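These numbers come from a predicted model, not from an experiment. Only heavy atoms go into these numbers, but all of them, side chains included; no hydrogens, no water, no symmetry mates. The chain is numbered in sequence order, starting from 1.
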Amino acid sequence: QVQLVESGGGLVQAGDSLKLSCAASGRTFNTYAMGWFRQAPGKEREFVCAIIKSGSSSYCSDSAKGRFTISRDNAKNMMYLQMDNLKPEDTAVYHCATNDSPVVSRVAARYDYWGQGTQVTVSS
């Protein structure tokens with residue numbers, strides 16, 4: 001059974017940085033694409049970044065581009081999201097996700113497995 005566990009969230013001030021981690025277990029990690037999504041109260045789940053199985057290519061949403069960096073360490077079954085220059089509008093619960101495909105997607109419905117999420121709160 002695939003399990004994803006996020007960590008690294010917290011309360012920070014605008015302009016600060018945070019690094020989120022996602023620990024994966026339950027299957028061969030380096031076979032599938034992975035992604036980060038976020039959900040703020042009262043809003044739909046929003047795509048943040050996604051990365052291919054090898055980690056050699058990734059892409060992020062316009063709001064994350066230039067500030068967030070996604071990476072993965074297949075040897076450790078870990079994925080990361082480095083978030084720099086955080087803004088109050090980045091406040092949300094951040095979820096990692098994976099699917100039964102090597103193809104990356106920005107569509108939440110195409111991901112089959114989700115972690116419980118980690119809260120990121122950015123104060124102004």
J.: From Thr118 OG1 over to Leu18 CG, what is the distance, rounded to the nearest 0.5 angstrom?
T.: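 Interatomic distance, Thr118 OG1 to Leu18 CG, rounded to 0.5 Å: 8.5 Å.
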
J.: Who pairs with Arg27 by salt bridge (Lys or Arg N to Asp or Glu O under 4.0 Å), at least two apart in sequence or on another chain?
T.: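 In terms of salt bridge (Lys or Arg N to Asp or Glu O under 4.0 Å), with neighbours along the sequence ignored, Arg27 is linked to Asp100.
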
J.: If the condition is side-chain contact (heavy atoms from CB on, under 4.5 Å), which residues does Ser63 pass it with, not counting sequence neighbours?
T.: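 Ser63: side-chain contact (heavy atoms from CB on, under 4.5 Å) contacts with Arg38, Glu46, Ser61.
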
J.: Measuring from Arg67:CZ to Met83:CE, what's the distance to the nearest 0.5 Å?
T.: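 Those atoms lie 9.0 Å apart.
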
J.: Which heavy atom of Ser58 sits nearest a heavy atom of Ile70, and at what distance?
T.: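 Scanning both residues completely, I find the closest heavy atoms to be CB-CG2, 3.4 Å.
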
J.: If Ile, Leu, Val, Met, Phe, Trp and Tyr residues are connected whenever their side-chain heavy atoms lie under 4.5 Å apart, and connections chain through other members, are Phe37 and Met78 in the same group?
T.: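 Each belongs to a different hydrophobic cluster.
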
J.: Suppose we screen for side-chain contact (heavy atoms from CB on, under 4.5 Å). Which residues come up paired with Val93, at least two apart in sequence or across chains?
T.: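 Scan of Val93 (side-chain contact (heavy atoms from CB on, under 4.5 Å), adjacent residues dropped) gives His95, Gln119.
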
J.: Nearest 0.5 Å, what's the CG-OG distance between Leu4 and Ser25?
T.: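 Taking CG in Leu4 and OG in Ser25, the distance rounds to 7.5 Å.
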
J.: Do Glu6 and Tyr94 come close enough that some side-chain heavy atom pair is under 4.5 Å?
T.: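 No, too far: nothing below the 4.5 Å cut-off.
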
J.: Stepwise, does the salt bridge (Lys or Arg N to Asp or Glu O under 4.0 Å) test hold for Lys87 with Asp90?
T.: CA-CA 5 Å; Lys87 304 176 180 180; Asp90 295 319; over 6 Å; no

J.: Quick one: does any side-chain atom of Arg72 pair with a main-chain N or O of Ile52 as donor and acceptor, under 3.5 Å?
T.: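 Confirmed, Arg72 side chain pairs with Ile52 backbone.
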
J.: For the backbone of Lys53 and the side chain of Asn74, can you confirm whether one donor and one acceptor N or O come within less than 3.5 Å of each other?
T.: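 It does hold such a pair.
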
J.: Is any side-chain heavy atom of Ser71 closer than 4.5 Å to a side-chain heavy atom of Gln82?
T.: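 They are not in side-chain contact.
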
J.: If you round to the nearest 0.5 Å, how far is CG of Leu81 from SG of Cys60?
T.: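 Result: 7.0 Å between the selected atoms.
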
J.: What pair of heavy atoms forms the shortest contact from Ala50 to Val104, and how long is it?
T.: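 Smallest interatomic distance, heavy atoms only, reads CB-CB, 4.1 Å.
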
J.: Which pairs, with at least one residue in residues 48-77 and sequence neighbours excluded, count as a ring-ring contact (aromatic ring centres under 6.0 Å, His included)?
T.: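 As it turns out, the ring-ring contact (aromatic ring centres under 6.0 Å, His included) pairs with a partner in residues 48-77, which skip direct neighbours, are Phe47-Tyr59.
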
J.: Are the side chain of Tyr111 and the backbone of Cys96 linked by a donor-acceptor contact shorter than 3.5 Å?
T.: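 Not a single qualifying donor-acceptor pair exists.
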
J.: Does atom CZ of Arg45 have more than 12 heavy-atom neighbours, drawn from other residues, nucleotides or ligands, at distances under 6.0 Å?
T.: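 Yes, because the 6.0 Å sphere around CZ of Arg45 holds more than 12 heavy atoms from other groups.
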
J.: So, using side-chain contact (heavy atoms from CB on, under 4.5 Å) as the criterion, who are the partners of Asn77 when residues are at least two apart?
T.: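 With sequence neighbours excluded, Asn77 shows a side-chain contact (heavy atoms from CB on, under 4.5 Å) to Phe29, given in chain and number order.
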
J.: Take a 6.0 Å sphere around CD of Gln116 and say whether it holds more than 12 heavy atoms from other residues, nucleotides or ligands.
T.: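 It does not: Gln116 CD has 12 such atoms or fewer within range.
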
J.: Looking at OG1 of Thr98 and OH of Tyr32, how far apart are the two atoms once the value is rounded to the nearest 0.5 Å?
T.: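 Rounded to the nearest 0.5 Å, the OG1-OH separation comes out at 8.0 Å.
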
J.: Do Asp112 and Val2 come close enough that some side-chain heavy atom pair is under 4.5 Å?
T.: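 No, their side chains stay 4.5 Å or more apart.
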
J.: What's the separation between atom CD in Gln13 and atom OG in Ser123, rounded to the nearest 0.5 Å?
T.: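 The distance works out to 5.0 Å.
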
J.: Using the test side-chain contact (heavy atoms from CB on, under 4.5 Å), find all partners of Ser124 that sit at least two apart in sequence or belong to another chain.
T.: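 Checked Ser124 against side-chain contact (heavy atoms from CB on, under 4.5 Å); matches are Pro88.
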
J.: Give a yes or no on whether the backbone of Thr91 and the side-chain of Thr121 come within a donor-acceptor separation of less than 3.5 Å.
T.: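 Judged by distance alone, no pair lies under 3.5 Å.
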
